[in-house]
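Just so it is clear, the model here is predicted, and its values are computed rather than measured. Positions are given from 1, in the same order as the sequence printed here.
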Amino acid sequence: MTTGWTEDPPYQVFTDPAFVLRLLLDPGEPLDQVCNVDAFLDIPGKGTWAATVFSLDEVRRLMDRWRTTGENANGAYFAGVDNIIVREPGVDSIVAAVRDLVEEGSYDLFLVQCNDEDSADPLETLQELIGISDADTSDGHIRWSIYQRAMSIPEAHRALRIAVTDEPDKTLATAVVVALFDHVAPPDRASWINALPRRARAFPTRRSDEMLVAEAHHSGPPPVDISTWSDWLLRRVAASSTSKQTLIKLAAEARTKRARNLAATRAKTINFTPADSRAITNEDDRDS
């Protein structure tokens, strides 16, 4: 057996006499700069194990970001049952960490074992989990229907993640990841974004950030400034917030008539008073 790196798209594969390590990298990603990657560890006779590997600087970057978005108690902690943190970025650091875990026999404490279903066709696994069979999965509309039904089944998420990674239509894969944000915990959204090629991550990253803003204003004090909010974010907060003051602010200041009307309607269901009514601009006199 030859020890070293080979390429098996979408994976970079490191083969060692004791294990095979597969890293899910983007095409052209510099190997010495890898700092946030899904890793799959194959050990003869022990099955396949998975984890997400972060560099120390990448953890710091994420926690600094969460300080502004409110995620993980404003970036107060970083936690995960299948996360490994290495001091330096790059695949060499990752291999060194994995080799040590294998030699110590402690890999099973930090990585999660993949089920046998992970080696099967993920679309076949998803069909079984949602109770259908023999669907024509060459049709993107049918794949989307399968993905949609699987989103609400937590047990299907592992196969769904593999299907997203393998999905030939990257626009469809992006739509699946964004739709999944309503079905997974906020800290898990980043790992789903990372299942996409780097060039496809901008929109889901922006949407994830917007969802954190919307979740931060579900209750509590109103936002200071909504002038930069997207139309989607305005509608999301107007439809989901239970804060009367937030709804009044949106009803008075939101850029679109649709968001103003929605916020005004919902505000009137939350201990609405005549003073509150005066605080809302007559939306019929404003441009949409």
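- Annotation: side chain to side chain donor-acceptor pair (under 3.5 Å) contacts involving residues 87-109, sequence neighbours excluded, comprise D16-R99.
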Pair S138, D136 - check side chain to side chain donor-acceptor pair (under 3.5 Å), show working. CA-CA 5 Å; S138 65; D136 179 11; 2.5 Å; yes
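- The number of heavy atoms from other shown groups lying within 6.0 Å of CG (D134) does not exceed 12.
- For F78 and W66, the ring centers sit closer than 6.0 Å to each other.
- Hydrophobic clustering of Ile, Leu, Val, Met, Phe, Trp and Tyr side chains at less than 4.5 Å, counting indirect connections, unites W5 with V102.
- A cation-pi contact, defined as under 6.0 Å to the ring centre and within 45° of the axis, is absent between R255 and W229.
- Heavy atoms only, all atoms of each residue included: A259 and A238 are closest at O-CB, 3.9 Å.
- T246 pairs by the side-chain hydrogen bond (donor to acceptor under 3.5 Å, both in side chains) definition with S243, not counting sequence neighbours.
- A centroid separation of 6.0 Å or more is found between the aromatic rings of W192 and H183.
- A side-chain donor-acceptor contact under 3.5 Å links S241 to the backbone of H217.
- In summary, the side chains of D225 and S227 do present a donor paired with an acceptor at a separation below 3.5 Å, with no hydrogens or angles considered.
- Using a 4.5 Å cut-off on side-chain heavy atoms (C-beta onward), D8 and R22 make no contact.
- Side-chain contact, T48 with Q113: no donor N or O sits under 3.5 Å from an acceptor N or O.
- We find that D209 and R65 are joined by a salt bridge, their nearest charged nitrogen and carboxylate oxygen being less than 4.0 Å apart.
- Taking hydrophobic clusters as Ile, Leu, Val, Met, Phe, Trp and Tyr residues chained together by side-chain heavy-atom distances below 4.5 Å, L196 shares a cluster with L126.
- Residues E253 and R260 have side chains not in contact (no heavy-atom distance under 4.5 Å, counting atoms from C-beta outward).
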Would you sort out whether T52 and D38 count as a side chain to side chain donor-acceptor pair (under 3.5 Å), showing the intermediate values? CA-CA 4 Å; T52 302; D38 289 327; 2.8 Å; yes
